[in-house]
Protein chains: 2
Amino acid sequence: MAKAVRRPPAPPPVPRTADRVLDVAERLAQTRGFNGWSYADVSAEVGITTASLHYHFASKAALGRALVERYTSRFGAALADMATRQADAPSRLAEYARLYGDVLASDRMCLCGMLAAEYQTLPPPMQRAIRDYFDANEAWLRDVFERGRAAGALAFTGTARDAARQWTSTLEGSMLLARPYGDPSRLTTVARRMLAELTRAPAATAKGRLRR
Amino acid sequence: MAKAVRRPPAPPPVPRTADRVLDVAERLAQTRGFNGWSYADVSAEVGITTASLHYHFASKAALGRALVERYTSRFGAALADMATRQADAPSRLAEYARLYGDVLASDRMCLCGMLAAEYQTLPPPMQRAIRDYFDANEAWLRDVFERGRAAGALAFTGTARDAARQWTSTLEGSMLLARPYGDPSRLTTVARRMLAELTRAPAATAKGRLRR
DNA sequence: GTCTATAACGAGATAGAC
DNA sequence: GTCTATCTCGTTATAGAC
């Protein structure tokens, strides 16, 4: 066994090089794709040589895997945090859409949406990590949809799973198409339309209408 | 001026090399992205050297531009042809979705959806051609939505333009997310849901148009 | 941890023969 | 139209000094 752990709150005061590398590589991957940048690009921005990069991440594949895992971890934390602030399903969906909108507003594509396009060219560990991201999205949204329908706050047909997939697909797709036009409103407008559809007229929810 | 045109049906009996190059490059671009293949990949499949490739397409940028323009041209022809066979708006939307579903079924991403991800890394002529593709999509769909609503066959809120953008975004997004799972049903299921939503019998339409 | 130097390879592209 | 030969540059990665 290792020594007893004594100090859980021991945050390193200095921004470690590995983190700065991840920050730069993440932005490059989100704006240019995994195949659209090189170690030389990162080294120029971070201020160390490409040889030093290899000290922190043995290969580009290893760096890519770390990128996706950190991204998924942060996203999961954001979703968990959201649950402590937003109670009802429509608010949670709006907040979920806002997360995506913020990414687009910073002129980036969702990291995993971008990597999904390049999926067939990526090393298997990255492929698995990408699916994990979308699986986590689907699980979280499915829960929101199920509870939202049960509470009469959301109206939709079919399974919560399919509704969740549609929600993510539409947000990813609108990010994808918004960037060529430099027009983030292409996402926010679509998100508003979807949410309005889900919360439209209570006619189909608690009024005794069959929900199918 | 040129000689009088006498024989409209004059199909070249031989598949020209340039076309075979385009066919191979198109598939590579749709499956691996524009930055995911090289002239060497194409030359190996077509059976000529990379030097010969440069005879047909002076640069990869020129080849890329030709790819998008041919793709857009074929897509426009498919939409025009559709108008001769499908009259009502719901049928046209279903057919439009089927076009996208066929691409996915062949294990490819929409060429321009793929290139939209890599947009920032592409030469300006390709960027313009990509926007042209989506503009054409939007124009065609906007017309379908406008006429469909006027005829009482489609029910949606907001502008036809926004409905059109949502339709394409959702199809592109579901293609994007379906490929990591090798599951084309992720698109068809979403398409069915969207269409059902648009044709759900609202207060004022023709007789029930729901087809499922 | 970071450096210099370099290996080993692949990329897009060109010249000129056939 | 296609070839061989070659160029130049960029890429990932390693060895070994500091």
Side-chain angles (χ1 to χ4, degrees), chain A residues 11-68 114-115 118 120-127 129, chain B residues 12-68 114-115 118-127 129:
Chain A
V14 287
R16 292 195 300 96
T17 302
D19 291 328
R20 291 197 296 140
V21 170
L22 286 170
D23 291 341
V24 171
E26 184 178 73
R27 177 174 48 73
L28 289 170
Q30 288 185 264
T31 54
R32 304 177 56 86
F34 191 72
N35 297 324
W37 55 275
S38 71
Y39 265 36
D41 299 317
V42 178
S43 80
E45 282 199 58
V46 175
I48 61 176
T49 63
T50 61
S52 297
L53 282 184
H54 280 281
Y55 169 81
H56 297 285
F57 300 96
S59 67
K60 194 181 174 186
L63 172 52
R65 183 178 176 179
L67 280 180
V68 180
M114 181 69 88
L115 298 181
E118 301 172 296
Q120 290 198 357
T121 73
L122 302 177
M126 284 187 70
Q127 292 181 333
Chain B
V14 285
R16 294 197 298 95
T17 302
D19 291 328
R20 291 197 296 141
V21 170
L22 286 170
D23 290 341
V24 171
E26 183 178 74
R27 177 173 49 74
L28 288 171
Q30 288 185 265
T31 53
R32 304 178 56 86
F34 191 71
N35 297 324
W37 55 274
S38 71
Y39 265 37
D41 299 318
V42 178
S43 80
E45 282 199 57
V46 175
I48 61 176
T49 63
T50 62
S52 298
L53 282 184
H54 280 281
Y55 169 81
H56 297 284
F57 300 95
S59 65
K60 194 181 174 186
L63 172 51
R65 183 177 175 179
L67 280 180
V68 180
M114 181 68 88
L115 299 180
E118 300 172 296
Y119 190 81
Q120 290 198 358
T121 74
L122 302 177
M126 284 187 70
Q127 293 181 333

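Both backbone and side-chain heavy atoms feed into the values below; hydrogens, waters and symmetry mates do not. Sequence lines set the chain letters: A, B, ... in the order given, protein chains first and strands last, and positions in each chain run from 1.
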Legend entry - Heavy-atom side-chain contact between Asn35(B) and Arg32(A) under 4.5 Å: no

Inset, instruction - Examine distances only and state if a side-chain atom of Glu118(A) and a backbone atom of Phe34(A) form a donor-acceptor pair shorter than 3.5 Å. - result: yes

Legend entry - Distance, rounded to the nearest Å, where Tyr55(A) contributes OH and dT2(C) contributes P: 8 Å

Inset, instruction - For Leu122(A) and Gln127(A), work out which heavy atoms get closest and say how close. - result: O-NE2, 3.3 Å

Legend entry - side chain to side chain donor-acceptor pair (under 3.5 Å) contacts touching residues 51-61 of chain A (sequence neighbours left out): Thr49(A)-Ser52(A)

Legend entry - Proximity to DNA chain D (any heavy atom under 4.0 Å), residues of residues 22-29 of chain A only: none

Inset, instruction - Using a 4.0 Å heavy-atom cut-off, write out nucleotides 9-18 of chain C from 5' to 3' as B (base contacted by protein), S (sugar-phosphate only) or - (no contact). - result: --SSBBB---

Legend entry - Atom pair CG/CG of Asp41(A) and Leu53(A) - distance to nearest 0.5 Å: 10.5 Å

Inset, instruction - Please tell me if the side chains of Val42(B) and Thr50(B) come closer than 4.5 Å, counting only heavy atoms from C-beta onward. - result: no

Inset, instruction - Mind listing the closest non-hydrogen atom pair of Ala29(A) and Met114(A) along with its distance? - result: O-CG, 3.3 Å

Inset, instruction - Check whether any side-chain N or O of Thr49(A) sits under 4.0 Å from OP1 or OP2 of dT2(C), and answer yes or no. - result: no

Inset, instruction - Determine whether Thr31(B) and Trp37(B) make a side-chain contact, defined as any pair of heavy atoms from C-beta on separated by less than 4.5 Å. - result: no

Inset, instruction - Taking only the side-chain nitrogens and oxygens of Ser52(A), find out if one of them lies under 4.0 Å from OP1 or OP2 of dG1(C). - result: no

